Amino acid sequence: MAERILKYLSENDEVNSLKLAEIFNEDHQKVVGALKSIQANGDLVIAEPVSEKNIELTEEGKLVAENGSHEANLYNLVPEEGTPQADLMKLPNAKVGFSKAMSNGWVLVDKSANPPLVKRKVPQIEDLVQEQLKLVASGDHSKLTDKEKADYKKRKLIQEIVVKSFLLKKGPEFSLSLQKLETDLTSDMLTSGSWKNLKFKEYNFDALGAPPSSGFLHPLLKVRAEFRQIFLEMGFKEMDTTNYVESSFWNFDALFQPQQHPARDAHDTFFVSDPQRSDYFPEFYLQKVKTVHSKGGYGSQGYGYNWKLEEAQKNLLRTHTTAVSARVLYKYAQMPRLIRKKNFVPLKLFSIDKVFRNETLDATHLAEFHQVEGVIADYNLTLGDLIGVFAAFFEKIGITQLQFKPAYNPYTEPSMEIFCFHPGLDKWIEIGNSGIFRPEMLLPMGLPEGVVVIAWGLSLERPTMIKYGFNNIRDLVGPKVDLEMVQKSPICRLDKIK
Ligand SMILES: N[C@@H](Cc1ccccc1)C(=O)O
């Protein structure tokens, strides 16, 4: 094809690529493809982009061109003696057909009859609409007046399209043949020095690449990747959240949640039946947790109840990733070198993973979801720091308007619910929960007094639903998910809202 184009140009001064496609009886796209490979060889051909407006038939327009206009079809159905209007109106497209046939003066309504009859007003008609649309179909629309074009456009019978093509002329390096371009620089070419005389194909950085046949990332994973990137940019390290099964001890007790706390109830928590219990706990720490719950300490009076090991041993599907934060903070507190007062190494941690709650399922709730959690430990942190970190974190995901509402968590004091203004939905929505971990949680772990830990958590599903415009969580997670949606969803960018 490329050589045919060059030959044609050697005999003619210029030609449009659309015209060439017609002459060669080939697809225009193929001509353009061949043109690109000629251009890769150098300035053999000059190609000026041309864009022209054209009109073409819509799907409905094609039907009319083939079978006649709605008004003509209606007229043809009206018998000599007339027909009841109600019967006529049952036919497809009768409404448009009738009103056009009336305004063309083709039919009339005889109201003296009962029921009223539609009758022919003229003995014969000419279906100009069909004739003109046939012309458009054959590529000639010069006979249509602007008014007619506007009318057919309004009736959605034709549509305007922009046709892009190229005007081709000989270029300064014009030649009749193409040199084969090298795509690889080989060691042979280097040792023999032949590369000096060879022409190399240019990289096409715009190439789309072969579509992968599998391995598409689900939108949730795309948003997770974006959140992870933000945490990493802000200097956070990722916690290992690979164990979904936790003991009640780490999920609740370590977090100073009393054993009668309603969240432990089977209504909210999925308990594991096999293995039902965990046996190993760091004994020294366990005793401290027991004491702080039952008797208090560190300036707290505790809850004053009889803390039971059996309750703490119960295995469950973790209800929040804060269980992992507790484990990691405890481990950290066991590393004396890192937590020594004068050179305490501050911690910035995050995790994004699944949690499980036995909730009533509805359009926005499932029994499992992902939590995005951030934790910072250092001396002298305040609520102001917590708010400042949020401002920075949420700005990176495009949320700039934040509001906080006092809340209650057994393990944080103070606690704040985080709301953001969503310009798309035009309202304030709750996106997360946060707070400063209580001394009753941190001091039994062995963290030095004075170390403050601020933390927050949000769901991954909510921003994903907002970002991708889902109203029902079942469209995003579960057996009803449309796999094509997964393949077609674009990369998520949590762009800044200006
Ligand atoms: N764990 C809390 C979120 C949270 C994390 C850290 C601090 C405060 C709150 C929840 O499940 O909602």
Side-chain angles (χ1 to χ4, degrees), residues 224 227 231 234 236-239 241 243-244 246-258 261-265 267-270 316-330 332 347-360 364-378 381-391 393-394 397 402-420 429-442 445 447 451-463:
R224 186 176 75 169
F227 271 115
F231 273 119
M234 291 176 76
F236 284 74
K237 290 212 171 71
E238 191 161 12
M239 293 183 262
T241 46
N243 287 341
Y244 294 168
E246 270 296 351
S247 58
S248 297
F249 179 77
W250 289 107
N251 196 80
F252 294 128
D253 296 278
L255 293 166
F256 197 52
Q257 297 207 43
H261 193 280
R264 295 205 193 194
D265 227 308
H267 296 299
D268 277 325
T269 306
F270 289 111
L316 46 77
L317 292 178
R318 68 172 175 231
T319 63
H320 53 183
T321 44
T322 317
V324 179
S325 305
R327 274 181 181 279
V328 174
L329 286 171
Y330 167 75
Y332 200 63
L347 264 188
K348 285 165 96 179
L349 303 165
F350 79 97
S351 69
I352 309 173
D353 212 336
K354 260 188 197 173
V355 301
F356 307 85
R357 289 183 197 175
N358 194 358
E359 304 217 50
T360 315
T364 51
H365 291 90
L366 290 179
E368 58 181 80
F369 63 97
H370 290 75
Q371 253 182 358
V372 180
E373 177 142 333
V375 176
I376 304 178
D378 201 354
L381 291 176
T382 64
L383 207 57
D385 291 298
L386 185 56
I387 293 174
V389 173
F390 286 155
F393 176 79
F394 285 106
I397 61 176
L402 292 175
Q403 273 186 0
F404 305 98
K405 191 175 127 191
Y408 172 76
N409 290 311
Y411 42 92
T412 52
E413 181 59 37
S415 313
M416 305 190 297
E417 273 169 5
I418 313 162
F419 288 75
C420 80
I429 53 170
E430 193 199 329
I431 41 170
N433 190 353
S434 66
I436 301 183
F437 283 140
R438 294 184 78 105
E440 291 98 322
M441 165 181 168
L442 301 179
M445 290 176 168
L447 281 171
V451 166
V452 185
V453 183
I454 58 181
W456 68 99
L458 49 138
S459 94
L460 183 64
E461 279 75 1
R462 179 161 272 190

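In listed order, ligands and their atoms are each counted from 1. Since this is a predicted model, take the numbers as computed values, not measurements.
- Looking at E238 and S351, their side chains never bring a donor and an acceptor atom within 3.5 Å of each other.
- Taking only nitrogen or oxygen atoms, main chain and side chain alike, T322 reaches within less than 3.5 Å of ligand 1.
- Ranking protein heavy atoms by distance to atom 10 (C) of ligand 1, first place goes to Q371 NE2, 3.4 Å.
- Not one N or O of E373 is nearer than 3.5 Å to an N or O of ligand 1, by distance alone.
- Close approach of ligand 1 to H320 is summarised as follows: ligand atoms under 4.0 Å from at least one heavy atom of the residue are 1 (N), 11 (O).
- Not one N or O of N409 is nearer than 3.5 Å to an N or O of ligand 1, by distance alone.
- Ranking the protein heavy atoms by distance from atom 2 (C) of ligand 1 puts Y411 OH, 3.1 Å first.
- For ligand 1, the atoms lying closer than 4.0 Å to a non-hydrogen atom of G457 are 4 (C), 5 (C).
- Taking both residues in full, the closest heavy atoms of L386 and S434 are given as CD2-OG, 4.0 Å, listed atom of the first, atom of the second, then distance.
- Without hydrogens or angle criteria, E417 side chain to P406 main chain gives no donor-acceptor distance under 3.5 Å.
- The ligand atoms of ligand 1 that sit less than 4.0 angstrom from a heavy atom of A455 are 6 (C), 7 (C).
- Of the listed residues (F252, W250, F270, Y244), just one forms a side chain to side chain contact (heavy atoms under 4.5 Å, CB included) with L316, and that residue is F252.
- Within the 4.0 Å heavy-atom shell around ligand 1 one does not find M416.
- For F350 and F227, the distance between ring centers is not under 6.0 angstrom.
- The aromatic ring centres of F390 and F404 sit less than 6.0 Å apart.
- Within the 6.0 Å centre-distance limit, the rings of H320 and Y411 are counted as a close aromatic pair.
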